[in-house]
Structures are given as structure tokens and as C-alpha cells.
Enquirer: 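Before I ask anything, here is the structure I am working with.
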Amino acid sequence: MLRKGEIRICPASYYSDTSHNAAIQDDEVSRVFCIPTWRERLAGKNYTDIQGHRIEYKHDDIVLPVVFDDYYLYSLCDHIYYRMPTDFGADAALIIHDPVRFTQRFIFTFLAAYPDWEPLEGPVTYYDPYLDYTGFRVPEMAKPFGYSYQREVRIAFKPRRRPAKKLEPVFLNIGQMDDYAELLWA
């Protein structure tokens, strides 16, 4: 990656694979919101009627997933928190000293090959699934606040129309990065 500038970008659905470690495995094509039910459960109820529909929750809260189309996702961080190398099973880190240059090259290269996609980039918005029902506008750029220690920054591309087939990882060549990045080994 450093010397040749070759980068693999995966579909967001790739991260739900159970073979990934706990820090990597994540549902990136839905966002979950929760409605607390403790008052109802304390009152002995195990359901709520909402607009004529009975929602049973037994011994838990109501979980509402918001599902959206798959997209391409590349994750970075703006700061290495002390537990990240261990959590991600990493023994090295690529430090990018010119993130603007990196991001511009990345987006330009992707859009040159896939012009019908919309680029998204920037820090992730972390939200509380119980309180922040309108805490973000772009689901591809949001995660529950339990991941906030990762200080994630994303480069993502969402389709302008639903993809006709399942997305597969793609390789981009953004050119060598030696002059604005360095590799640090543990």
C-alpha cells in the first residue's frame, strides 16, 4: 500500500462476516434504534399497541433497525487509541501525514472507475440508539457510540441507484504514498 498505492475497498456488508474479530465485525448496512420498555415491563406488560399493531417485547426493549443499500466503505482513524492495535489484531499502522491529499487521490481514483457513485468522507457521527433518533442524517457515516473510542474517519461511496448485483471488493491504485505517509511497526 505504501510503496505502490494499492488499496482494497470493501462493501459495507463485508464487515458482518462472523470470521472477523469483534472490533472489525459490525453491521454496516443498518442502524439500530431502541425504545425502552422498562416502565411497561414493571407494570406487568409485555407488549405495546402502536397504530393497531401489537409489538411484543417480552423481557427486552423494542429494537428498530433502519436498513439501507450496501455501499463501499474504507475506515481510518484520526488518532490511535491505546486499545486499537490489540482490538484489531494489528502489529503495524500506516500514518498518513497529508490526509487531504490521500482522500482526494482515493476519491478521484474511485470515481474515475465508478462515476455513478456518490462520495462521502469525514468523521463518523456516534449516536446513542436510545436517545439520538435524529442525531445523524447520513447512516453510512454513523455508528452507535460504543464504537467512539475508534475515532473513525470514513471514505465511503454510496450508489446513486440500487446495485444490480452483489458488491465485491475492488482494488484501487492511488499512486505511491512514500512522500506523505509512513509505516510504523509495533
Side-chain angles (χ1 to χ4, degrees), residues 1-17 19-21 23-32 65-81 84-85 87-90 92-127 132 134-145 147-184:
M1 182 177 171
L2 180 65
R3 291 192 180 82
K4 294 183 179 179
E6 189 171 77
I7 298 173
R8 182 181 73 157
I9 183 169
C10 292
S13 58
Y14 164 83
Y15 297 98
S16 64
D17 188 326
S19 68
H20 295 307
N21 74 28
I24 297 171
Q25 185 184 0
D26 196 4
D27 179 1
E28 293 289 1
V29 292
S30 70
R31 296 295 172 254
V32 174
V66 175
V67 180
F68 45 98
D69 289 334
D70 205 359
Y71 59 100
Y72 282 101
L73 170 62
Y74 194 78
S75 296
L76 305 119
C77 64
D78 71 353
H79 177 78
I80 299 176
Y81 185 61
M84 289 179 66
D87 285 4
F88 283 89
L94 184 69
I95 308 299
I96 300 170
H97 297 292
D98 190 346
V100 171
R101 184 174 173 189
F102 174 81
T103 302
Q104 287 174 340
R105 283 182 167 190
F106 198 111
I107 292 172
F108 175 82
T109 304
F110 186 93
L111 292 178
Y114 307 97
D116 289 339
W117 290 71
E118 179 184 343
L120 306 165
E121 60 90 16
V124 164
T125 299
Y126 295 100
Y127 72 97
D132 297 335
T134 60
F136 62 86
R137 301 277 179 239
V138 182
E140 297 87 352
M141 300 295 285
K143 289 178 85 165
F145 69 89
Y147 294 97
S148 64
Y149 78 94
Q150 295 176 355
R151 299 182 58 147
E152 188 175 347
V153 176
R154 291 183 168 190
I155 301 173
F157 300 90
K158 72 180 192 177
R160 294 190 193 275
R161 46 188 112 48
R162 177 171 279 172
K165 59 184 181 175
K166 185 178 186 282
L167 299 181
E168 297 293 333
V170 296
F171 287 87
L172 305 174
N173 191 319
I174 68 167
Q176 72 180 54
M177 302 166 53
D178 298 68
D179 56 338
Y180 66 93
E182 67 178 303
L183 188 62
L184 296 180

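We're numbering straight along the sequence, starting at 1.
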Enquirer: Test of understanding: with ring pair (Phe, Tyr, Trp, His ring centres under 6.0 Å), list the residues that count as partners of Y72, not counting sequence neighbours.
Expert: F110, W117
Enquirer: If you compare all heavy atoms of A12 against all heavy atoms of D70, which two are closest, and at what distance to 0.1 Å?
Expert: N-OD1, 3.1 Å
Enquirer: Identify the two heavy atoms, one from P163 and one from P159, that lie closest to each other, and give their separation to 0.1 Å.
Expert: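 Minimum heavy-atom contact is CD-CG, 3.8 Å.
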Enquirer: Looking at every heavy atom in both L76 and I96, which two are closest together, and how far apart are they?
Expert: CD2-CD1, 3.9 Å
Enquirer: Got a sec, which residues hit ring pair (Phe, Tyr, Trp, His ring centres under 6.0 Å) with Y127, two or more places apart in sequence or on another chain?
Expert: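 Expected list: F33, F136.
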Enquirer: Would a 4.5 Å heavy-atom cut-off, applied to side chains only, mark L73 and Y14 as touching?
Expert: no
Enquirer: At their closest point, which heavy atom of Y126 faces which heavy atom of Q150, and how far apart are they?
Expert: OH-C, 4.2 Å
Enquirer: With Y149, which residues qualify under side-chain hydrogen bond (donor to acceptor under 3.5 Å, both in side chains), at least two apart?
Expert: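 With neighbours one apart ignored, the set is D87.
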Enquirer: Which heavy atom in D69 sits nearest to a heavy atom in V29, and how many Å separate them?
Expert: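 Heavy atoms only, the tightest pair is O-CG1, 4.5 Å.
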Enquirer: Can you sort out the partners of S30 under side-chain hydrogen bond (donor to acceptor under 3.5 Å, both in side chains), two or more places apart, ordered by chain and number?
Expert: D27
Enquirer: Any donor and acceptor pair, going by atom type alone, linking the side chain of T103 with main-chain N or O of V100 inside 3.5 Å?
Expert: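 Side chain of T103 to backbone of V100: no pair is present.
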Enquirer: Which pairs pass salt bridge (charged side-chain N to carboxylate O under 4.0 Å, His left out) with one or both residues in residues 149-159, sequence neighbours excluded?
Expert: E28-R154, D78-R151, K143-E152, E152-R154
Enquirer: Going by salt bridge (charged side-chain N to carboxylate O under 4.0 Å, His left out), name the pairs with one or both residues in residues 96-116, residues two or more places apart or in two chains.
Expert: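 Found R101-D179, D116-R161.
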Enquirer: Please name all residues satisfying side-chain hydrogen bond (donor to acceptor under 3.5 Å, both in side chains) with R137, sequence neighbours left out, ordered by chain then number.
Expert: none
Enquirer: Once side-chain hydrogen bond (donor to acceptor under 3.5 Å, both in side chains) is applied, do any residues pair with Y147, and if so which ones, sequence neighbours excluded?
Expert: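 In terms of side-chain hydrogen bond (donor to acceptor under 3.5 Å, both in side chains), with neighbours along the sequence ignored, Y147 is linked to D26.
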Enquirer: Quick one: list whatever passes salt bridge (charged side-chain N to carboxylate O under 4.0 Å, His left out) with R160, sequence neighbours left out.
Expert: none
Enquirer: Taking C-beta and beyond as the side chain, do M177 and L94 meet within less than 4.5 Å on heavy atoms?
Expert: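 Yes, at least one pair of side-chain atoms sits under 4.5 Å.
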Enquirer: Run the salt bridge (charged side-chain N to carboxylate O under 4.0 Å, His left out) test against D178 and tell me which residues pass, sequence neighbours left out.
Expert: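 Salt bridge (charged side-chain N to carboxylate O under 4.0 Å, His left out) list for D178, sorted by chain: empty.
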Enquirer: For C77, check side chain to side chain contact (heavy atoms under 4.5 Å, CB included) against everything at least two apart and list the hits.
Expert: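 Here the qualifying residues are I80, M84.
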Enquirer: Checking F106 now: which residues fulfil ring pair (Phe, Tyr, Trp, His ring centres under 6.0 Å) with it, not counting sequence neighbours?
Expert: Y74, F102
